[in-house]
Amino acid sequence: MNILSDKGNPPEMFLAESMKRHRVAGAAFALIRSGELAHTGFCGAADPEENRPVDASTHFEIASLTKTVFARCILKLEDRGLLRLDRPLREYSDEPLPTDDPAFRDVTARDVLTHATGLPNWGDAPLPLRFVPGTGFGYSGKAYTFLQNVVEKITGSRIDVLLQDEIFNPLGMKNAAMIWTGPLNRTLSRTFDADGVIEPLRSSCRRTVAVEPNAAFSLCVTISDYTKFALQLLSEPETIERIRSFRNPVTEGVSWGLGWGLCRETLWHWGDNDGFKAFVILDPATKDGVVIHTNSFNGLEVCYEFIEELTGFDMQSIREMVAAAE
């Protein structure tokens with residue numbers, strides 16, 4: 001996959017047209033070429049009531065892209081001998097299991113990162129398993145939350161503190177936040193529904209499917225912050241090989257590695273927190289990539305169209321997989 005350089009018009013022009021078609025109010029994006037930041041762009045409104053456009057200071061909830069950051073932290077813990085990917089998680093902690101099914105007792109961190117636990121995406125314990133762990137694919141935020149709880153016991157650190165120490169501080173991600181606070185609303189984008197209508201201002205931490213801070217969905221960042229993480233990953237070929245060392249088949253042409261979706265050797269992930277939609281796709285071979293954050297319910301359609309337009313990469317198999325997972 002390559003960022004095409006002969007498109008003529010600036011990428012903001014195509015992005016604005018796609019946003020208009022799909023009633024998406026605002027977006028920010030970053031283009032990576034040959035392992036270097038090539039371009040950052042902004043379109044639309046972050047908060048029209050405050051006359052605030054999307055710009056470099058705008059925070060977005062990146063939803064499940066949080067999982068990619070947590071997965072990198074897990075590999076760091078493995079490097080230090082604090083966690084083994086193939087050791088049953090119950091051996092590390094007496095954390096209550098999210099299911100009564102005895103088959104879950106042997107679930108490992110590898111199972112969680114590759115969505116092979118059998119747990120549903122969300123729900124209240126005790127949950128039924130959809131399949132015997134290690135024998136299928138089932139996208140699960142609940143499994144990530146369980147792994148988060150185990151890791152917090154192992155390290156003695158809450159997940160937001162752990163990620164600050166392991167990822168955010170080393171990479172200079174100064175604007176990253178795992179927990180919503182009132183002051184964050186000064187830079188956090190508003191969200192917009194499927195008709196493009198602005199939604200109420202956020203006034204509390206999320207407590208719908210799980211409580212913040214949450215390794216599955218609660219990271220708020222600016223476009224530059226997450227791009228720093230993506231650039232660092234592209235500079236670590238050994239880490240990328242570890243991510244791709246196990247492939248849990250999902251659909252034709254799509255599998256799941258350690259924390260990332262895999263499609264024709266690219267690494268990718270989507271994020272969906274209602275009005276916030278995000279996407280990242282990276283090609284380790286060319287070291288090209290696209291990161292895009294949006295603030296509207298229909299944002300994933302814009303993400304798909306933008307990536308296809310700028311790279312020529314066929315997103316159809318990814319579209320179908322995401323639709324099935326959600």
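What you are looking at is a predicted structure, and each value in this text was computed from that prediction instead of being measured.
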Hydrophobic cluster of V197, others only, ordered by chain and residue number, side-chain cut-off 4.5 Å: none
Give me the atom names and distance for the closest heavy-atom approach of S93 to V150. CB-CG1, 4.2 Å
So CD1 of I3 and CG of L31: to nearest 0.5 Å the spacing works out to 5.0 Å
Under 6.0 Å from the ring centre and within 45 degrees of the ring axis: does the NZ or CZ of R72 meet both conditions for the six-membered ring of F229? no
Distance from L147 atom CG to I74 atom CD1, nearest 0.5 Å? 4.0 Å
Audit row: D283, T311, side chain to side chain contact (heavy atoms under 4.5 Å, CB included) steps and yes/no: CA-CA 11 Å; D283 188 333; T311 68; over 6 Å; no
From CZ (R190) to CG (D47), nearest 0.5 Å: 5.0 Å
Check: P120 and R130 side chains under 4.5 Å, non-hydrogen atoms: yes
When hydrophobic residues are tied together by side-chain contacts of less than 4.5 Å, even through go-betweens, does V107 share a cluster with I154? yes
Shortest non-hydrogen pair, L310 vs P11, comes out as CD2-CB, 3.9 Å
Shortest non-hydrogen contact between I32 and K287, atoms and distance: CG2-O, 3.5 Å
is_close_aromatic(Y144, H115), centroid dist under 6.0 Å: yes
Any side chain to side chain donor-acceptor pair (under 3.5 Å) pairs touching residues 288-298, not counting sequence neighbours? S189-N295
N214 side chain near I159 side chain, heavy-atom distance below 4.5 Å: no
Below 4.5 Å, heavy atoms only, C-beta onward: do S245 and L258 meet side chain to side chain? yes
Examine V161 and L83 and state if one hydrophobic cluster contains both, with Ile, Leu, Val, Met, Phe, Trp and Tyr joined whenever side-chain heavy atoms are less than 4.5 Å apart. no
Does any part of the side chain of L37, heavy atoms only, come nearer than 4.5 Å to the side chain of T227, both counted from C-beta? yes
How long is the span from the CG atom in L113 to the CD1 atom in I243, to the nearest 0.5 Å? 9.5 Å
Side-chain touch S18/E309, heavy atoms, less than 4.5 angstrom: no
For E36, check side-chain contact (heavy atoms from CB on, under 4.5 Å) against everything at least two apart and list the hits. none
Donor-acceptor pair, T145 side chain versus G141 backbone, under 3.5 Å? yes
For I318 and V254, work out which heavy atoms get closest and say how close. N-CG2, 4.5 Å
Atom pair OG/CG of S140 and L129 - distance to nearest 0.5 Å: 9.5 Å
Identify the heavy atoms of V54 and G26 that sit nearest to each other, and give their distance. CG2-CA, 3.9 Å
Please tell me whether L77 and F246 are part of a single hydrophobic cluster in this structure, the criterion being side-chain heavy atoms less than 4.5 Å apart. no
Mind checking whether R158 and M178 have side chains closer than 4.5 Å, heavy atoms only? no
Are L219 and F276 connected into the same hydrophobic cluster when the rule is that any two of I, L, V, M, F, W, Y join if their side-chain heavy atoms are below 4.5 Å apart? yes
Counting N and O atoms only, with roles assigned by atom type, does the side chain of T117 sit under 3.5 Å from a partner on the main chain of V112, one being a donor and the other an acceptor? no
Examine distances only and state if a side-chain atom of K67 and a backbone atom of A216 form a donor-acceptor pair shorter than 3.5 Å. yes
Are any side-chain N or O atoms of D193 and backbone N or O atoms of D195, one a donor and one an acceptor, separated by less than 3.5 Å? yes
Answer yes or no: are there more than 12 heavy-atom neighbours, outside E326 itself, under 6.0 Å from its atom CD? yes
Begin from the C-alpha positions of L119 and F104 and carry the test side chain to side chain contact (heavy atoms under 4.5 Å, CB included) through to its verdict. CA-CA 9 Å; L119 287 174; F104 192 82; 3.7 Å; yes
Apply side chain to side chain contact (heavy atoms under 4.5 Å, CB included) to L262 and L267, showing your working. CA-CA 5 Å; L262 307 173; L267 276 59; 4.0 Å; yes
Can you establish whether the number of heavy atoms outside Q316 located under 6.0 Å from its atom CD is more than 12? yes
Is the distance between the ring centroids of F313 and W268 under 6.0 Å? no
Closest non-hydrogen atom pair between T187 and S57, with its separation: CB-O, 3.4 Å
Crowded around N51 CG? As in, over 12 foreign heavy atoms under 6.0 Å? no
Between L184 and R202, is any pair of side-chain heavy atoms under 4.5 Å apart? no
Heavy-atom count around R87 CZ within 6.0 Å, excluding the residue itself: above 12? yes
Spacing of Y226 atom OH and M173 atom CE [to the nearest 0.5 Å]: 8.5 Å
Does one hydrophobic cluster hold both F60 and L201, with members joined at side-chain heavy-atom distances below 4.5 Å? no
Side chains of W180 and H59, heavy atoms from C-beta outward: is any pair under 4.5 Å? no
Does R23 make a cation-pi contact with F192, if we ask for NZ or CZ under 6.0 Å from the ring centre and within 45° of the axis? no
What I want to find out is whether R247 reaches E265 closely enough, with some N-O distance under 4.0 Å, to be called a salt bridge. yes
Looking at D94 and K153, is any side-chain nitrogen of the basic one under 4.0 Å from a carboxylate oxygen of the acidic one? yes
Any donor-acceptor pair under 3.5 Å linking the side chain of N149 with the backbone of F146? no
If we ignore angles and hydrogens, is there a donor and acceptor under 3.5 Å between the side chains of D272 and S64? no
Going through the checks in order, is the side chain to side chain contact (heavy atoms under 4.5 Å, CB included) test met by L85 and L75? CA-CA 8 Å; L85 292 184; L75 296 183; 4.1 Å; yes
Can you tell whether the side chains of K76 and E236 come within less than 4.0 Å, N to carboxylate O? no
Counting only heavy atoms not in R186, do more than 12 sit closer than 6.0 Å to its CZ atom? no
Between F29 and H39, what is the ring plane arrangement, given parallel below 30°, perpendicular above 60°, and tilted in between? tilted
